[in-house]
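Residues take their numbers from the sequence shown, with the count starting at 1.
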Amino acid sequence: MMKRKLLIRDLTLRDGHQSLFATRMNQAQIDKLLPYYKEAGFYAMEVWGGAVPDSVMRFLNENPWTRLEKIKEAMEGVSKLAALSRGRNLFGYNPYPEYVIEGFNRNAIQSGIDIMRIFDALNDVRNMKTSIKYVKENGGIADCTVCYTVDPKFSTKERVKALFHGKILPNKIFTKDYFINLAKQLEKLGADMISIKDMAGLITPEKTGKLIKTLKEEISIPIDFHTHCTPGYGLASTLTAIINGVDIVDTSIGSFAGGPAAPSFEIIQIFCNKLGIDTGVNLKAATKICKELRKIREDLAEYDSYKLFPIEIDISNPVLPKEIDELFDLAIYEATENKEENLLETTLEIEKYFNYPEPDIMVKKAEIPGGMYTNMLSQLKQLKLENLLPRVLELVPVVRIAAGCPPLVTPTSQIVGVQAVNCVIDENKGVPFYTNKSIQFVNLVKGIYGKTPIPIEPAFREFIAGVKKETPYDTSKYKKQDNPRLEEFGGVFLAQNEKEELLLELFPSVANTFLRKKIEEKFWSDIFKKDEEKKNKIQAEKDIYEQLSTEEKQKRLEEGLYNF
């Protein structure tokens, strides 16, 4: 009997270090890992997109296109390379015109991307349509994403209070049917696979099981499951997804897993061993990767907020204490029998043994992404108002409902979070809510980001954005970024090819600084090189001169053949 196969998408080189170490892995560190990755043979490796292009320019002075091309060169024909983009928004907050979307996707695939994971912060499939088209036209795999989120959390008291004022606070927005319908729409648009992207780690094992089971029954293309471990559901939900027939799961290598990152590959592999599932990964090579990552993690210590190193394990021959081995068997039983509460306790015990961070109870209780929580706290600390955080958390669902209940994923999570803080600051000053509002919140309510999951009240839209009707972004008003000629460096253009022009469009400020620095370094390097060549030529002439007779030297000097 053939073993069931489960494909693994390794997230370490993008999501792993973005979630845990502020996207600070440099090219030299990645280069050390690539021979081991080639040996390991994961189905796919997520290596680009997200915060990578911005961070490698901003903090590491590296070219993001070069990073991608070097990884492709090393991994050619072994693992598929994956990237993440926000559909029409690509990487920024504002939607882009078609020529930018087309150029980005074409160049990303030409430079090495095989799988483009396309998502939209509102789950508005219209914003993903042309990205799907351009990815497929250029021979890439369109991985279309359903962003998982939960309904805003209101207390009974808050619901009664709303009723008293003639309002009904909505619930049952993000149901199983909501996600299934999105997946069906994306399949019709040409998706090659569907990813359930649970960026906040909020999907519980029970909901995971039901969702994956239904998707496998109603969708004909592969299903990928992606989650994070921050609130404590990640490992249990990933196991439940596997048991319910998911095709691909996202994991990170042990040293870069757990906490705000994805579940550990090694733990998932042990579950697969017990379930008789073949991941197709060379486990000796995976162990080498984990060891090398451990050294890299030590080098990234200043960005490591946990400093909890998982225990070292040879996943090609894992030896576990009897009581821990039994926990794996127990977890499989509990996941199969839908014993959610028990399963969560068991998987947390497993993660504790492997020395992964405990669940973030505040994030779990607030039911918001960890990054959104920390950003709101940081915003309040800067104003010395951190004591107001509980009130901010109360207002997050209120602001979110008013803005059409967007899923909480970048950038909407940050937009809603910042506005909730602004509302509490307004309240603290004794002025009405939304006296202080961000331009991004205005644009969200106006309709520039797309269609929200529930309609925005026309009166609220008019109050915030000055228009009653949803007003989509008008790309005809898009102004292309300037590409100046730098006379001080020989008259070259700031962006010297299409890829550099795209960096300017997508990251104007960061790319401007990066490209200028690159041109300046080359300019001075060329000058020093010319000077060096001139010195070498003079030295060679001197060497010849020294070999001449006295008469010949005199003759040549008189003829002006030497000027040293």
Side-chain angles (χ1 to χ4, degrees), residues 6-20 40 42-46 82 148 195-209 211-212 223-244 246-275 277 279 281 283 286 289-290 293 297 306 308-311 313 315 318 320 324 327-328 331-332 334-335 340 343-360 363-364 369-370:
L6 176 72
L7 301 177
I8 304 289
R9 183 187 320 224
D10 176 79
L11 305 177
T12 309
L13 303 188
R14 202 287 298 176
D15 187 272
H17 70 118
Q18 181 174 322
S19 294
L20 290 169
F42 285 96
Y43 160 69
M45 296 162 55
E46 187 181 80
Y148 183 84
S195 282
I196 299 300
K197 179 177 166 60
D198 175 27
M199 51 282 157
L202 294 177
I203 191 167
T204 62
E206 184 182 1
K207 287 183 178 176
T208 300
L211 180 56
I212 297 299
I223 307 297
D224 183 303
F225 183 72
H226 172 102
T227 192
H228 292 251
C229 297
T230 321
Y233 302 126
L235 179 57
S237 294
T238 303
L239 173 60
T240 307
I242 294 168
I243 284 169
N244 281 276
V246 78
D247 301 286
I248 310 163
V249 294
D250 291 8
T251 65
S252 278
I253 295 289
S255 296
F256 276 39
S264 151
F265 164 71
E266 288 82 355
I267 296 179
I268 295 302
Q269 181 64 49
I270 293 169
F271 277 123
C272 288
N273 292 346
K274 289 181 171 290
L275 289 163
I277 294 172
T279 61
V281 177
L283 301 180
I289 294 170
C290 196
L293 283 170
R297 183 165 183 170
Y306 289 92
L308 271 179
F309 282 72
I311 63 167
I313 183 169
I315 194 56
L320 299 172
I324 302 302
L327 284 178
F328 278 86
I332 289 169
E334 290 163 345
E340 180 176 273
L343 172 62
L344 288 168
E345 287 178 11
T346 304
T347 50
L348 290 177
E349 279 298 308
I350 290 170
E351 288 183 304
K352 186 177 179 182
Y353 168 76
F354 280 86
N355 204 34
Y356 285 112
E358 291 183 357
D360 188 319
V363 169
K364 183 178 182 179

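Within 6.0 Å of atom NZ in K352, 12 or fewer heavy atoms from other residues, nucleotides or ligands are found, so the atom counts as exposed in its surroundings.
Going from atom CD1 of I242 over to atom SG of C272 covers 4.5 Å, rounded to the nearest 0.5 Å. In this structure, OG in S19 is found 8.0 Å from CG in L11, a value given to the nearest 0.5 Å. Of the inter-residue distances, the one linking E358 atom CD with Y306 atom OH reads 11.0 Å to the nearest 0.5 angstrom. Here the straight-line distance linking atom CG of L343 with atom CG of L239 works out to 6.0 Å at 0.5 Å rounding. Here K197 contributes atom NZ and H228 contributes atom NE2; the two are 5.5 Å apart, rounded to the nearest 0.5 Å. In this structure, the separation between OG1 on T240 and NZ on K207 is 13.5 Å, given to the nearest 0.5 Å.
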Exercise. Run the numbers on I350 and Y356 for side-chain contact (heavy atoms from CB on, under 4.5 Å), then give the verdict.
Key: CA-CA 9 Å; I350 290 170; Y356 285 112; over 6 Å; no
Quiz item: Stepwise, does the side-chain contact (heavy atoms from CB on, under 4.5 Å) test hold for N244 with T208?
Solution: CA-CA 9 Å; N244 281 276; T208 300; over 6 Å; no
Quiz prompt | Working for side-chain contact (heavy atoms from CB on, under 4.5 Å), residues F328 and L320 | solution = CA-CA 10 Å; F328 278 86; L320 299 172; 3.7 Å; yes
Practice problem: For E349 and I324, run side-chain contact (heavy atoms from CB on, under 4.5 Å): C-alpha distance rounded to whole Å, both residues' side-chain angles, the deciding distance at 0.1 Å, then the answer. | Solution: CA-CA 8 Å; E349 279 298 308; I324 302 302; over 6 Å; no
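A donor-acceptor pair is defined here as one N or O able to donate and one able to accept, closer than 3.5 Å; no such pair exists between the side chain of T230 and the backbone of G370. Counting only distance, with no hydrogens or angles, the side chain of D247 and the backbone of D224 share no donor-acceptor pair below 3.5 Å. When atom types are taken as modelled, the side chain of N355 and the backbone of I311 share no donor-acceptor pair closer than 3.5 angstrom.
For the pair F265/C290, no side-chain contact is recorded, criterion being any heavy-atom separation below 4.5 Å from C-beta on. The shortest side-chain heavy-atom distance between F42 and T12 does not fall under the 4.5 Å cut-off. Annotation: side chain of Y233 is in contact with side chain of P205 (closest heavy-atom distance under 4.5 Å). With contacts defined as side-chain heavy-atom distances shorter than 4.5 Å, the pair T227/T238 qualifies. L235 places a side-chain heavy atom less than 4.5 Å from the side chain of I268. Contact of the I270 side chain with the F354 side chain is registered, since non-hydrogen atoms from C-beta on lie closer than 4.5 Å. Taking 4.5 Å as the limit, every side-chain heavy atom of I8 sits out of range of all side-chain heavy atoms of I248. Contact of the H226 side chain with the Y148 side chain is not registered, since no non-hydrogen atoms from C-beta on lie closer than 4.5 Å.
Counting all heavy atoms, side chain and backbone alike, S255 lies closest to R297 at O-NH1, 3.0 Å. Here the shortest heavy-atom pairing between A40 and A286 reads CB-N, 4.4 Å. When all heavy atoms of E351 and C229 are compared, the pair lying nearest together is OE2-SG, 4.0 Å. Nearest heavy atom pair, residue A257 against residue S264, reads CB-CA, 3.6 Å. When all heavy atoms of A331 and T347 are compared, the closest pair comes out as CB-CG2, 4.4 Å. The two atoms that bring A335 and I243 nearest to each other are CB-CD1, 3.5 Å, heavy atoms only.
Shown here are the side chain to side chain contact (heavy atoms under 4.5 Å, CB included) partners of E206, two or more places apart in sequence or in another chain: T204, K210, E340.
Checked options L13, I315, D10; the residue passing with I253 is D10 (criterion: side chain to side chain contact (heavy atoms under 4.5 Å, CB included)).
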